[in-house]
Amino acid sequence: MHTEVTTLKQEKNPVPSAEEWMLEGCRASGGLKKGDFLKKDLEPEIFQNFDGDHACSVRDDEFKFQGLRHTVTATQLVEAKLLDMRTIEQLRLGLKTVEEVQKTLNKFLTKATSIAGLYLESTKEKISFASAAKRIIIDKMMALAFLEAQAATGFIIDPISGQIYSVEDAVLKGVVDPEFRIRLLEAEKAAVGYSYSSKTLSVFQAMENRMLDRQKGKHILEAQIASGGVIDPVRGIRVPPEIALQQGLLNNAILQFLHEPSSNTRVFLNPNNKQALYYSELLQMCVFDVESQCFLFPFGERNISNLNVQKAHRISVVDTKTGSELTAYEAFQRNLIEKSIYLELSGQQYQWKEATFFESYGHSSHMLTDTKTGLNFNINEAIEQGTIDKALVKKYQEGLITLTELADTLLSRLVPKKDLSSPIAGYWLTASGERISVLKASRRNLVDRITALRCLEAQVSTGGIIDPLTGKKYRVAEALHRGLVDEGFAQQLRQCELVITGIGHPITNKMMSVVEAVNANIINKEMGIRCLEFQYLTGGLIEPQGHSRLSIEEALQVGIIDVLIATKLKDQKSYIRNIICPQTKRKLTYKEALEKADFDFHTGLKLLEVSEPLMTGISSLYYSS
């Protein structure tokens, strides 16, 4: 029994910067969700509210920065709440330089943040979308769609050099073909503004004035937010959605439903399989190229950037000069990427928080929990087991390293152990890496109830209902209390539990074998044989009193089974297909389902991969005419 007393802190970054907003929002796993940006705390040094008097205390010509297309003044950055007066004073006193502040605000000013090109997994080379179309790696319309997305979110990007260009300059330099020029200039209006009665309008304002189709406008805004923020074309900067709301560059209705398929369909196509996705979902699949400092989309069958339940970290950084493919943590440890980039990339996979629990006997435990995948670690146990040391935890407590660094260090030092006797312990979601119990998968309509029941029967008959987040097993009554099964499942599983706990004869109280219990009509014959099948497939039949695993021959000798059941268990062709594959929807035997499952690097138990159903609406190319 334990009680959570308080959540102490989430990510603690000793070097606050505007880039941290990206970690929290725009590239979060699973894309943006309803209300994500409305509940984020604004970073105290960069984002503060100012009244008009304070904003006017900065002269227009005092400090100037490079914006998306032209210089931007400190006054404009204060008005946009990207600079505060404390930073202005530091600039005046010479404690900070314009270059240092420019770098801090790079996400909002000059950084290339959209998908720059493709990373060819087979040859480990990078290639622009225009070149990919010429080499018939992708079709011309797909290349144009990605280039339009670049233009609408700031710049045309040369992934080879990392250079950024306006559309006209990109055509002059040969970065894009002249035949794309007209379409790209139209897309670029999202970044430089739409002209209307001598005014310059943003995407949202153009939508409101009926100069831009609302559906196209939503696609543009989703892409802008995913790649750095809503573009204010007058100031020539990107701003976080919260600020965009205040500045009239966005409204609540659009922000709330940007990732609701019924309101805003997925229209950006995955180059590998032509599946329609949100731009934020495509960005999460990208790798960061060390040389060009750009995001590239991996193209090929290796799927290097996909989440994998067997590995703690996905590949998210490539060095095309050396052909290296690394995790963000590895790249950061080798000083190949800056800390802000590391935190951003790590934040795509995990979002850690720290909490303190008090056990029933009064001892406190410090837990690290990931809100995306459900992984959790007991810091006290990790220290006792030698996975991490007290010195590292102290560095975190003193603010010398972030919570992400502490968690990544812990993850990198885990030694995966495979439980070869594991039944299917639960499911993991492809998109987010989230681990979910069988009951939760059933409630979310990811698996049908009969499949869920069979998986739970297998768990019960091999040791107990499993919590896939911790790997712990529970009797049916305790599992019901913990929310791992509901009452309907519990009623059906209680008889199944007798197979593992042992079945007492109603008169003599003598422990009976499954065969004897079936013959005495104490347990259902089909269920009894199923439970024995589950045991046999996970390492051997279980002797109820000693809980040792036995081969079929040993089980015959001690009388747990008879010759008829032994023959049936050996004849795997006779196994009933009573499991629906969550991916293909094909009927499988439990043996086939076990073979499809992967070992979780954290618990060592087997989990089946499952995908959330995609409601894409009518697929169409971005900016399709």
- Which is it for K606 and E595 under the salt bridge (charged side-chain N to carboxylate O under 4.0 Å, His left out) test, yes or no, and what are the steps along the way? CA-CA 9 Å; K606 282 194 166 185; E595 289 168 350; over 6 Å; no
Cationic N near anionic O, under 4.0 Å, [X] to [Y]:
| X | Y | answer |
| --- | --- | --- |
| R69 | E188 | yes |
| E592 | R586 | no |
| E148 | K189 | no |
| E344 | K107 | yes |
| K372 | E434 | no |
| K216 | E186 | no |
| K134 | D177 | yes |

With no hydrogens and no angle check, is any side-chain donor or acceptor of [X] less than 3.5 Å from a backbone partner on [Y]?
| X | Y | answer |
| --- | --- | --- |
| S346 | Y342 | no |
| Q205 | L249 | no |
| E100 | T97 | yes |
| S227 | A223 | yes |
| T200 | G193 | no |
| Y427 | P582 | no |
| D232 | I237 | no |

- Query: Does the salt bridge (charged side-chain N to carboxylate O under 4.0 Å, His left out) test come out yes or no for K126 and E291, once each step is laid out?
  - Reply: CA-CA 11 Å; K126 55 188 171 184; E291 184 184 21; 3.0 Å; yes
Does [X], at its [atom1] atom, have more than 12 non-hydrogen atoms belonging to other residues, nucleotides or ligands within less than 6.0 Å?
| X | atom1 | answer |
| --- | --- | --- |
| K124 | NZ | yes |
| K321 | NZ | no |
| E301 | CD | no |

- Tell me, with the steps shown, if R435 and D600 meet salt bridge (charged side-chain N to carboxylate O under 4.0 Å, His left out). CA-CA 9 Å; R435 277 78 166 160; D600 184 359; 2.9 Å; yes
Atom [atom1] in [X], atom [atom2] in [Y]: separation rounded to 0.5 Å?
| X | Y | atom1 | atom2 | result |
| --- | --- | --- | --- | --- |
| I337 | S316 | CD1 | OG | 6.5 Å |
| Q224 | T113 | CD | OG1 | 9.5 Å |
| Q256 | L258 | CD | CG | 9.5 Å |
| N272 | K274 | CG | NZ | 10.0 Å |
| E405 | Q333 | CD | CD | 7.5 Å |
| Q310 | K418 | CD | NZ | 6.0 Å |

- Please assess T409 against Y329 for the test side chain to side chain donor-acceptor pair (under 3.5 Å), listing each intermediate value before the final yes or no. CA-CA 8 Å; T409 304; Y329 183 66; 3.0 Å; yes
Can you tell if the side chain of [X] reaches within under 4.5 Å of the side chain of [Y], non-hydrogen atoms only?
| X | Y | answer |
| --- | --- | --- |
| D289 | F295 | no |
| L296 | P159 | yes |
| V317 | E330 | no |
| L368 | L375 | no |
| F65 | T71 | no |
| L118 | I137 | yes |
| D84 | V78 | no |
| L105 | L83 | yes |

- Message: Evaluate F63 against T73 for side chain to side chain contact (heavy atoms under 4.5 Å, CB included), listing each step before the verdict.
- Response: CA-CA 6 Å; F63 302 107; T73 66; over 6 Å; no
Between [X] and [Y], does any side-chain donor sit less than 3.5 Å from a side-chain acceptor?
| X | Y | answer |
| --- | --- | --- |
| S263 | K218 | yes |
| S128 | S131 | yes |
| Y194 | S202 | no |
| E609 | T430 | yes |
| S161 | Q163 | no |
| Y165 | Q150 | no |
| T404 | T402 | no |
| Q583 | S611 | yes |

Closest approach of [X] and [Y], non-hydrogen atoms and distance?
| X | Y | answer |
| --- | --- | --- |
| A133 | K140 | CB-CA, 4.1 Å |
| A112 | I164 | CB-CG2, 3.6 Å |
| G154 | I231 | N-CD1, 3.9 Å |

- Message: Would you call the rings of H313 and Y350 parallel, tilted or perpendicular, taking 30° and 60° as the class edges?
- Response: perpendicular
- List the steps, then state whether side chain to side chain contact (heavy atoms under 4.5 Å, CB included) holds for L212 with I220. CA-CA 11 Å; L212 178 64; I220 297 169; 4.1 Å; yes
- Message: Using the rule given for side chain to side chain donor-acceptor pair (under 3.5 Å), can you reason through N264 versus H259, listing the C-alpha separation, both sets of side-chain angles and the distance that settles it, and then say yes or no?
- Response: CA-CA 6 Å; N264 187 31; H259 293 84; over 6 Å; no
- Message: Between L446 and I436, does the side chain to side chain contact (heavy atoms under 4.5 Å, CB included) criterion hold? Intermediate values first, please.
- Response: CA-CA 10 Å; L446 300 175; I436 56 174; 3.6 Å; yes
- Do D158 and K173 pass the salt bridge (charged side-chain N to carboxylate O under 4.0 Å, His left out) test, and can you show the C-alpha distance, the side-chain angles, and the key distance before you say yes or no? CA-CA 10 Å; D158 179 359; K173 296 279 186 180; over 6 Å; no
- Message: One pair to check against side chain to side chain donor-acceptor pair (under 3.5 Å): S280 and E222. What are the steps and the verdict?
- Response: CA-CA 8 Å; S280 57; E222 191 271 326; 3.1 Å; yes
- Which is it for K311 and T327 under the side chain to side chain contact (heavy atoms under 4.5 Å, CB included) test, yes or no, and what are the steps along the way? CA-CA 11 Å; K311 295 179 180 178; T327 69; over 6 Å; no
